[in-house]
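Quick caveat, the model's predicted, so the values are computed rather than measured.
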Amino acid sequence: MRDAYHEELDSIGEGLVEMARLVGSAIGRATTAILDADLKLAESVIAADEKVDDLQRDLEARAITLLARQQPVATDLRIVVTSLRMSADLERSGDLAQHVAKLARLRFPETAVPRDLHATILEMGQLAQRLMAKAAEVIITKDVDLALQLEQDDDAMDLLHRALFQHLMDDRWKHGIETAVDVTLLGRYYERFADHAVSVAKRVVYLVTGEHADEIAPPTAVEGA
């Protein structure tokens with residue numbers, strides 16, 4: 001019985017990794033769709049979000065069953081509860097990728113992104129995908145140092161987000177209000193996606209150590225102390 005119990009715990013972790021990989025792929029494909037005005041690709045991203053939702057519901061059901069039947073304590077309880085929270089972060093990340101794809105569909109056959117902002121949006125999309133790939137690796141390896149690095153990596157997304165707003169506020173902006181709204185929304189989607197990847201990593205830190213990531217000094221700070 002205990003072997004089956006721990007196999008179920010392991011399978012929940014595998015489900016989280018699959019969710020992370022799916023939403024990471026989704027944000028990458030949604031970025032291509034928004035920049036290339038690719039309606040077919042946008043529709044595929046929108047449709048694929050249902051699989052992420054299904055995985056989240058299945059994981060939630062299995063976690064609740066474990067709580068009810070096994071009444072886990074200590075580390076096992078932390079694994080189940082933290083996994084539920086991570087699945088919620090990942091499901092919301094999938095929604096954000098879907099929002100990008102829906103904006104591509106809304107503006108088709110035009111693109112929602114002006115040519116002079118393509119490079120910035122592409123960089124945000126690639127960074128979002130890399131952050132989620134790293135979050136998936138953290139789930140697999142339970143590497144606390146790697147998890148703590150994600151928050152530092154997210155600083156690059158914040159810089160890109162600020163640069164986007166500086167462009168929008170520039171007196172030379174010539175693309176109109178509708179495009180300004182589209183770009184504002186896109187910036188927010190990518191920024192929030194990155195935040196969810198960081199949140200997943202922070203939850204792994206708590207799962208492993210029992211401490212919140214904000215309470216643990218980064219390795220560089222410890223070395224310099």
Side-chain angles (χ1 to χ4, degrees), residues 12 14-63 83-115 117-137 139 154 157 160-161 164-165 168 175-201:
I12 288 174
E14 290 165 3
L16 290 169
V17 172
E18 185 177 2
M19 286 182 74
R21 287 174 174 164
L22 285 172
V23 300
S25 172
I27 198 66
R29 291 182 297 120
T31 300
T32 300
I34 198 81
L35 293 176
D36 295 349
D38 188 329
L39 180 60
K40 184 176 180 181
L41 185 57
E43 293 286 10
S44 75
V45 173
I46 293 165
D49 188 56
E50 184 62 30
K51 184 174 183 181
V52 175
D53 293 342
D54 287 344
L55 279 168
Q56 199 266 342
R57 285 190 289 266
D58 177 64
L59 191 149
E60 186 177 74
R62 284 188 285 143
S83 295
L84 283 169
R85 291 173 175 167
M86 283 194 283
S87 74
D89 277 313
L90 293 168
E91 190 274 333
R92 291 186 191 114
S93 298
D95 288 345
L96 290 162
Q98 188 183 57
H99 291 338
V100 174
K102 284 183 174 179
L103 185 55
R105 182 175 66 181
L106 179 66
R107 299 302 175 215
F108 181 82
E110 304 298 326
T111 177
V113 182
R115 179 61 56 183
L117 283 176
H118 270 219
T120 302
I121 294 298
L122 176 61
E123 192 173 353
M124 293 180 86
Q126 291 173 339
L127 179 56
Q129 193 168 6
R130 288 197 303 272
L131 285 167
M132 191 56 73
K134 190 174 282 190
E137 186 179 350
I139 296 171
D154 182 50
M157 183 66 83
L160 287 167
H161 195 207
L164 203 61
F165 269 94
L168 287 168
H175 304 293
I177 294 174
E178 184 177 82
T179 301
V181 171
D182 288 346
V183 171
T184 300
L185 288 172
L186 280 174
R188 181 62 172 163
Y189 296 154
Y190 287 116
E191 189 261 342
R192 289 298 299 141
F193 188 99
D195 285 347
H196 284 301
V198 171
S199 179
V200 168

Checklist entry - For Ala63 and Leu84, which heavy atoms make the closest approach, and how far apart are they? => result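 Closest heavy-atom pair between Ala63 and Leu84: CB-CD2, 3.7 Å.
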Checklist entry - Atom NZ in Lys102, atom CG in Asp49: separation rounded to 0.5 Å? => result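 Interatomic distance, Lys102 NZ to Asp49 CG, rounded to 0.5 Å: 8.0 Å.
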Checklist entry - Where do Val100 and Leu96 land on the side chain to side chain contact (heavy atoms under 4.5 Å, CB included) test, with the steps shown first? => result CA-CA 7 Å; Val100 174; Leu96 290 162; over 6 Å; no
Item to check | Test ring-ring contact (aromatic ring centres under 6.0 Å, His included) applied to His118 - qualifying residues, sequence neighbours left out | outcome: none
Checklist outcome for this item: Glu91 and Gln56 have their tightest heavy-atom pair at CB-CG, 3.7 Å
Checklist entry - Taking 4.0 angstrom as the limit, do Asp89 and Arg85 come out as a salt bridge? => result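 Judged by the 4.0 Å cut-off on N to carboxylate O distance, Asp89 and Arg85 do not form a salt bridge.
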Item to check | Close side-chain approach of Ile121 to Leu164, heavy-atom, < 4.5 Å | outcome: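 The answer is yes; the side chains approach within 4.5 Å.
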Checklist entry - If every non-hydrogen atom of Thr179 is compared with every non-hydrogen atom of Ala112, which pair is closest and at what distance? => result CG2-O, 3.8 Å
Item to check | Test item: Ile12 and Ser87 side chains (from C-beta on) under 4.5 Å apart, heavy atoms | outcome: no
Checklist outcome for this item: Heavy-atom closest pair (Asp154 atom, Ala194 atom, distance to 0.1 Å) is OD1-CB, 3.2 Å
Item to check | side-chain hydrogen bond (donor to acceptor under 3.5 Å, both in side chains) against Arg29, all qualifying residues, sequence neighbours excluded | outcome: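 Expected list: Ser25, Ser44.
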Item to check | Any donor-acceptor N/O pair, Thr111 side chain to Ile34 backbone, under 3.5 Å | outcome: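 The answer is yes, because a donor-acceptor pair under 3.5 Å joins these two groups.
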Checklist entry - Restricting to pairs with a member in residues 126-137, which pass salt bridge (Lys or Arg N to Asp or Glu O under 4.0 Å), not counting sequence neighbours? => result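 Every salt bridge (Lys or Arg N to Asp or Glu O under 4.0 Å) pair that includes a residue of residues 126-137, provided the two are not neighbours, is Lys134-Asp153.
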Checklist entry - Where do Leu59 and Gly15 come nearest, in terms of heavy atoms and distance? => result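 Taking every non-hydrogen atom into account, CD1-C, 4.2 Å.
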Item to check | Electrostatic pair Arg192:Asp195 at N-O distance under 4.0 angstrom | outcome: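 A salt bridge links Arg192 with Asp195.
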Item to check | Pair Arg57-Glu60, salt bridge (Lys or Arg N to Asp or Glu O under 4.0 Å): steps then yes or no | outcome: CA-CA 5 Å; Arg57 285 190 289 266; Glu60 186 177 74; over 6 Å; no
Item to check | Over 12 foreign heavy atoms within 6.0 Å of CD, Glu123 | outcome: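 No, the 6.0 Å shell around CD holds no more than 12 heavy atoms from other groups.
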Next on the checklist: For Ala37 versus Pro109, what's the shortest heavy-atom pair and its separation?
Outcome noted: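 So the minimum-distance heavy-atom pair works out to CB-O, 3.7 Å.
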Checklist entry - How many angstroms lie between atom CG of Leu122 and atom CE of Met124, to the nearest 0.5 angstrom? => result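 Result: 11.5 Å between the selected atoms.
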Checklist entry - Step by step, would you call Asp95 with Val52 a side chain to side chain contact (heavy atoms under 4.5 Å, CB included)? => result CA-CA 9 Å; Asp95 288 345; Val52 175; over 6 Å; no
Next on the checklist: To the nearest 0.5 Å, what is the distance between CE on Met19 and CG on Asp54?
Outcome noted: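 Answer for the CE-CG pair, Met19 versus Asp54, is 10.0 Å.
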Next on the checklist: Using side-chain heavy atoms (C-beta onward) and a distance below 4.5 Å, is Met132 in contact with Ile27?
Outcome noted: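 Result no, sub-4.5 Å side-chain heavy-atom pair not found.
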Checklist entry - Nearest 0.5 Å, what's the NE2-OH distance between His99 and Tyr190? => result 13.0 Å
Item to check | Heavy-atom side-chain contact between Leu90 and His196 under 4.5 Å | outcome: no
Checklist entry - Roughly how far, to the nearest 0.5 Å, is CG of Leu106 from CG of Leu39? => result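 Answer for the CG-CG pair, Leu39 versus Leu106, is 11.0 Å.
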Checklist entry - Would you say Gln98's side chain and Ile46's backbone share a donor-acceptor pair under 3.5 angstrom? => result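 Yes; judged by distance alone, with no hydrogens or angles, the pair exists.
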Checklist entry - How long is the span from the CG atom in Leu131 to the CD atom in Gln126, to the nearest 0.5 Å? => result 12.0 Å
